[in-house]
Asker: 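Please see the structure below; I have some questions.
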Number of protein chains: 2
Amino acid sequence: MRHYRIPDETVKRLPVYLRGAVLLLKDGKKSLSSGELAGFIGASPAQIRKDFSYFGAFGTRGVGYDTPKLIKQISKILKLNKRHKAVLVGIGNLGTAIMVYTGFSIYGFSIEAAFDNDAKKIGKKINGITIEDIAKLRTIRAKKIQIAILAVTSGQAQRVAESLVNNGIKGILNFSPCRLEVPKNIKVISIDIALDMARLPYYMPKT
Amino acid sequence: MRHYRIPDETVKRLPVYLRGAVLLLKDGKKSLSSGELAGFIGASPAQIRKDFSYFGAFGTRGVGYDTPKLIKQISKILKLNKRHKAVLVGIGNLGTAIMVYTGFSIYGFSIEAAFDNDAKKIGKKINGITIEDIAKLRTIRAKKIQIAILAVTSGQAQRVAESLVNNGIKGILNFSPCRLEVPKNIKVISIDIALDMARLPYYMPKT
DNA sequence: AAGCTTTTGTGAATGAGAACACAAGGTTAA
DNA sequence: TTAACCTTGTGTTCTCATTCACAAAAGCTT
């Protein structure tokens, strides 16, 4: 294995492989081949092997991959082998849904703080977390939180993002329908629900 | 302009261009150049022109694009020039958030029906829509609803998806963390929040 | 109306990612 | 131990997308 630049598309697929491997292990599969994994998640075996090859040799020729070992390897690449604290900003409908969403925890994420600017919400408790005034955002630094989930309106998003970055946040999962301008060492991943919805009709038949 | 196959990446960008044009028009820009739009949304002017060129000539050389006309053109390509009825299945936390989300309506989507299998939720009214028993899903056919938003658990997703397809749904916006197997004339766009979150740590600095 | 400026539209060149195809390495069975 | 059989890892090829670069077309100025 030589050192290539790792395609971003490969990184996007790694969590898919990880989830697939976890589910198959739960199903009793102690070992799996690229073909089995590919069939399960809907990909091509060659793609999976190529993706893995960027990070080294994971499997055994003639046999396949040891499932628990594979899970460990991918987790390590994605840095999911340690827990990650996250802060949630914007406790509207979407924010509340995210707060009680359990899907994050299996990857080792835990929401440790929540902020809003609405006086009616501040002080309320959801899932054991008390909603704080966004003016007190700076407390996240002492808590060593590096990941933020942003679920505020698009008008507030840029300002809040800057504030997050100023308080030590290194990665943002952005649900606001807008572009965030941040220093280039900060990673932003945006989920824009309306944007995805908007292209659905394009693919649908005429009538 | 010759007839090429239209790249999927281009289709993904069209809603971004559309939103950008709408916002700039609201800002008073009656006319805009590919450079202005590119700067606003964070893309390259060449990319924008190339994307448009797949669908014909939209602009005027030396001048740029007439904003309202551009909006109309893109809307037509994306089939957003007519209203689209949608059904929401799964009224959990995420489903409720989607139900009250206003971002869809600007593209002409309206949620016309909502279903759940939880007796405690059936009959409740959210945003003027009464939650119905999922056993009565077949009523969506008479209402001519072709788009579904799926926000059920991953265990139920496949079964519900099949039921939706059997009742006339042509496109699904899927929030469940799983792959859906549907006939290939049905379009599925999946939003998998945990999957996006899971690759955030990868990009973050060591410590 | 001629020349200068602006910006589009698009072939051509470049770059990136996916698929192919097969050698290398390992297992199983006789 | 040898032969038959798997499945990985990866160089090569092919396909698709992005960027480049410039002619064509329109407005503006004198």
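Naming convention: chains lettered A, B, ... in sequence-line order (proteins, then strands); numbering from 1 in each chain.
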Asker: Of the candidate nucleotides C:dT10, C:dG17, C:dA21, which contains the atom at the shortest distance from the side chain of A:P7?
Answerer: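 Closest nucleotide to the A:P7 side chain: C:dG17.
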Asker: Using side-chain contact (heavy atoms from CB on, under 4.5 Å) as the criterion, point out the one residue from B:L137, B:V87, B:I147 that pairs with B:I169.
Answerer: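 Single side-chain contact (heavy atoms from CB on, under 4.5 Å) partner of B:I169 among B:L137, B:V87, B:I147: B:V87.
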Asker: Think A:Y65 has a side-chain N or O under 4.0 angstrom from the OP1 or OP2 of D:dG9?
Answerer: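 Answer yes for this pair, as a side-chain N or O of A:Y65 is under 4.0 Å from OP1 or OP2.
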Asker: Round to a whole Å and report the spacing from CZ of A:F52 to P of D:dT7.
Answerer: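 Rounded to whole Å, this separation is 16 Å.
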Asker: For the residue pair B:Y101 and B:F104, categorise the inter-ring angle as parallel (less than 30°), tilted (30 to 60°) or perpendicular (more than 60°).
Answerer: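 Ring orientation, 0 to 90° scale: perpendicular.
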Asker: Rounding to a whole Å, what distance do you find between A:L70:CG and D:dT8:C1'?
Answerer: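 In whole Å, D:dT8 C1' and A:L70 CG are 13 Å from each other.
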Asker: Relative to the ring of A:F52, is the ring of A:Y17 parallel (under 30°), tilted (30 to 60°) or perpendicular (over 60°)?
Answerer: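 It falls in the perpendicular class, over 60°.
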Asker: Could you tell me the separation between the NZ atom of B:K50 and the P atom of C:dT10, rounded to a whole number of Å?
Answerer: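 It works out to 8 Å between those atoms.
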Asker: Can you measure A:F58 atom CZ to D:dT10 atom P for me and round it to whole angstrom units?
Answerer: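 Checked: the CZ to P distance equals 11 Å.
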Asker: Nearest whole Å is fine: how far is C:dT10 C1' from B:D51 CG?
Answerer: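 Whole-Å distance recorded here is 13 Å.
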Asker: Pick from B:I98, B:N174, B:I172: which one makes a side-chain contact (heavy atoms from CB on, under 4.5 Å) with B:I149?
Answerer: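 Looking at B:I98, B:N174, B:I172, the match for B:I149 under the side-chain contact (heavy atoms from CB on, under 4.5 Å) is B:I98.
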Asker: Without decimals, in angstroms, what is the distance between A:I48 CD1 and C:dA18 P?
Answerer: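 My rounded result for the distance is 12 Å.
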Asker: If you find the nucleotide of DNA chain C closest to A:G62 and the one closest to A:T10, which residue's nucleotide is nearer the 5' end?
Answerer: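 In this pair, the answer is A:T10.
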Asker: Tell me which residues in residues 12-37 of chain B lie within less than 4.0 Å of DNA chain C, going by non-hydrogen atoms.
Answerer: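 Residues of residues 12-37 of chain B that come under 4.0 Å of DNA chain C are, in numerical order, B:S33, B:S34.
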Asker: Is any side-chain N or O of A:Q47 closer than 4.0 Å to OP1 or OP2 of C:dA19?
Answerer: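 A:Q47 to C:dA19 OP1/OP2: side-chain N or O found under 4.0 Å.
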Asker: Does any N or O in the side chain of B:S154 come within less than 3.5 Å of the main-chain N or O of B:C178, such that one atom is a donor and the other an acceptor?
Answerer: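 Such a contact is absent between B:S154 side chain and B:C178 backbone.
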Asker: Has A:S44 got a side-chain N or O lying under 4.0 Å from the OP1 or OP2 atom of C:dA19?
Answerer: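 Yes, A:S44 has a side-chain N/O under 4.0 Å of OP1/OP2 on C:dA19.
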Asker: Which heavy atom in A:A21 sits nearest to a heavy atom in A:L70, and how many Å separate them?
Answerer: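 For A:A21 versus A:L70, the nearest heavy atoms are CB-CD2, 4.3 Å.
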Asker: Could you check A:T60 against A:A46 and say which one's nearest nucleotide on DNA chain C is further toward the 5' end?
Answerer: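 Nearest-nucleotide comparison on DNA chain C picks A:A46.
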Asker: Which nucleotide in the set D:dA26, C:dG26, D:dA17 lies at the smallest distance from any side-chain heavy atom of B:R61?
Answerer: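 So the side chain of B:R61 is nearest to D:dA26.
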Asker: What is the separation between atom CZ on A:R49 and atom C1' on C:dA18, rounded to the nearest whole Å?
Answerer: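 After rounding, the reported distance stands at 13 Å.
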Asker: So does A:R5 get a side-chain nitrogen or oxygen closer than 4.0 Å to the phosphate oxygens (OP1/OP2) of C:dG17?
Answerer: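 For C:dG17, OP1/OP2 do have a side-chain N/O of A:R5 under 4.0 Å.
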Asker: What I want to check is whether the side chains of A:S75 and A:N81 have a donor and an acceptor closer together than 3.5 Å.
Answerer: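 Per modelled atom types, A:S75 and A:N81 side chains form no pair under 3.5 Å.
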Asker: Atom CD of B:Q73 to atom C1' of C:dT8: distance rounded to whole Å?
Answerer: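 These atoms are roughly 14 Å apart.
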